[in-house]
2 protein chains.
Amino acid sequence: MDPAVVGRRVRALREERGISLSTLARLAGVGKATLSGLEHGTRNPTLETLWAVTAQLGVPLTAVLAEPAAGPTVHGTAVTATLLEVFTDTDATYELYRMRVAPGPGQLSPAHPPGVTEHVTVFAGVLRAGPADAPLTAPAGGHLRWVSDVPHSYAAVGDEEVAASLLLRYPRR
Amino acid sequence: MDPAVVGRRVRALREERGISLSTLARLAGVGKATLSGLEHGTRNPTLETLWAVTAQLGVPLTAVLAEPAAGPTVHGTAVTATLLEVFTDTDATYELYRMRVAPGPGQLSPAHPPGVTEHVTVFAGVLRAGPADAPLTAPAGGHLRWVSDVPHSYAAVGDEEVAASLLLRYPRR
DNA sequence: CGCTGCCGTTCCGTAAACGGAACAGTCGGG
DNA sequence: CCCGACTGTTCCGTTTACGGAACGGCAGCG
């Protein structure tokens, strides 16, 4: 648990929104010294302080806390996926994961039940994934989709780790 | 944000484990007075204190923080987006949302800072979204992507609510 | 050059969160 | 009973996070 990490995230979120330290401090009702020290990690903020700041940024407290994984994490040889959310609608159940694929030989996953589809959005790196006999390739910003009732593979192209979101759709039986 | 709620959760977790306040305080390396005050909600704990206690209980910080639903981003009339995760890599910060768009007239969002891109993966329904003057359309399973430094719109096509994931990418400046 | 306005950091007195010790209450054993 | 070991709370001196003010730096403007 590193206060410096929390500080960096707060600063990143603030700068994304294009607001200055001074104004954020004023909006959140905390001192500029407090916010400055918080962003630098030189202070050990009170829950109240952190709450005031994150609320003003419009993010939950969890967004700045160094929590590695909220949900269960699945580790394979190349792929690490953490479950972010499960939700259902009238005709399917969805599982949304954040996925990371390490550079190297890649990984093979067994077939899912019939009708299951996977949707992958690539954030960083280049991903080659899909049915084992006909994988697809997507660069950062790209999107892949396949029916995963056959064995399928994931691999990073090049030396960069791939970051992506993975959605599994299980049709209601 | 209620410190009393945090206190009750800590006490509940401690009692589930059948350990006394005294021993938890000793294991966590905090004073008994500190833990007592924390559980009663009469103190405003430091991040360090709360971390020491929750770590000893074997739960993530998020387990005791009063966040029931991650902050609904009140995009407004038609769109509801809840922040699932924030993460950063070497050249950008990402915010991942689950988004729902209600059927009806849709909604306009103001421009983001330059360089920000949005990636949407549609799970259910049909979504029309993108730059306000040139929106794109995607059915379930589809994917949209645009540079969002201009005003942009979201609308559900047809009577079905749209479920989607939304990724905002903020380049490091 | 001033002057103004905003930026983020540092200084500093005050308020409060901190840990240790003292406290009353409760249980079980000799 | 009385004692020891334990519970959780309260007291208190020390530490430290707090906000306001003062500071230097950097634009834009007359």
Side-chain angles (χ1 to χ4, degrees), chain A residues 1-59 61-66, chain B residues 1-59 61-66 88 93 112-115 170-173:
Chain A
M1 183 52 189
D2 191 350
V5 173
V6 175
R8 277 198 294 275
R9 296 197 186 176
V10 169
R11 174 152 292 193
L13 287 168
R14 175 173 66 78
E15 291 181 342
E16 282 169 15
R17 285 157 181 70
I19 61 181
S20 70
L21 186 149
S22 307
T23 54
L24 177 57
R26 181 171 42 79
L27 290 173
V30 306
K32 296 200 295 180
T34 302
L35 184 53
S36 178
L38 163 59
E39 291 191 355
H40 278 279
T42 58
R43 284 206 194 174
N44 188 224
T46 270
L47 208 51
E48 187 180 24
T49 299
L50 201 57
W51 168 261
V53 172
T54 55
Q56 196 51 235
L57 288 170
V59 302
L61 265 178
T62 61
V64 300
L65 297 177
Chain B
M1 183 51 188
D2 191 352
V5 173
V6 176
R8 278 198 294 275
R9 295 196 187 173
V10 169
R11 173 152 293 192
L13 287 167
R14 176 173 65 78
E15 292 181 342
E16 280 172 17
R17 287 158 180 70
I19 61 181
S20 70
L21 185 150
S22 307
T23 55
L24 177 57
R26 181 173 42 80
L27 291 173
V30 306
K32 297 201 295 180
T34 302
L35 184 53
S36 178
L38 164 59
E39 291 191 354
H40 278 279
T42 58
R43 286 206 194 176
N44 189 222
T46 270
L47 209 52
E48 187 181 25
T49 298
L50 201 55
W51 168 261
V53 172
T54 55
Q56 197 51 236
L57 288 170
V59 302
L61 265 177
T62 61
V64 301
L65 296 176
T88 58
T93 301
H112 291 291
Y170 297 88
R172 195 166 299 279
R173 47 190 85 245

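Residue numbers begin at 1 in each chain, while the letters A, B, ... track the order of the sequences.
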Original post:
Side chains of B/Thr49 and B/Thr46: is there a donor and an acceptor less than 3.5 Å apart?
Top reply: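 Looking only at side-chain atoms, B/Thr46 and B/Thr49 do not form any donor-acceptor pair under 3.5 Å.
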Candidate nucleotides [options], ranked by approach to the side chain of [X] - the nearest:
X	options	value
A/Ser22	D/dT10, C/dG8, C/dT9	C/dG8
B/Ala33	D/dT9, D/dG20, D/dC11	D/dC11
A/Arg11	D/dG8, D/dA17, C/dG8	C/dG8
A/Arg43	C/dA17, D/dA17, D/dT9	D/dA17

**OP:** Tell me which of B/Ser20 and A/Gly31 sits closer to the 5' end of DNA chain D, going by the nucleotide each one is nearest to.
**Re:**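 Its nearest nucleotide lies further toward 5', so the answer is B/Ser20.
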Subject >> Closest-nucleotide ordering on DNA chain D, the 5'-leading residue of B/Glu15 and B/Thr46 >> reply: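 Its nearest nucleotide being more 5', the pick is B/Glu15.
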Original post:
When A/Val64 is tested against each of A/Leu57, A/Val10, A/Leu38 for side-chain contact (heavy atoms from CB on, under 4.5 Å), which residue passes?
Top reply: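 Testing each of A/Leu57, A/Val10, A/Leu38 against A/Val64, the sole residue satisfying side-chain contact (heavy atoms from CB on, under 4.5 Å) is A/Val10.
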**OP:** Answer with base, sugar-phosphate or nothing: what part of the nucleic acid does B/Arg26 contact at a heavy-atom distance below 4.0 Å?
**Re:**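 Result for B/Arg26 = nothing.
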Original post:
For A/Thr34, which contact category applies under a 4.0 Å heavy-atom criterion: base, sugar-phosphate, or nothing?
Top reply: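 Base contact.
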Original post:
Which residues satisfy the side-chain contact (heavy atoms from CB on, under 4.5 Å) test with B/Ala25, sequence neighbours excluded?
Top reply: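 In terms of side-chain contact (heavy atoms from CB on, under 4.5 Å), with neighbours along the sequence ignored, B/Ala25 is linked to B/Val30, B/Lys32, B/Leu35.
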**OP:** Decide yes or no for A/Arg11 and A/Leu21: does some side-chain heavy atom of the first lie under 4.5 Å from some side-chain heavy atom of the second?
**Re:**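 Counting from C-beta outward, A/Arg11 and A/Leu21 do come under 4.5 Å.
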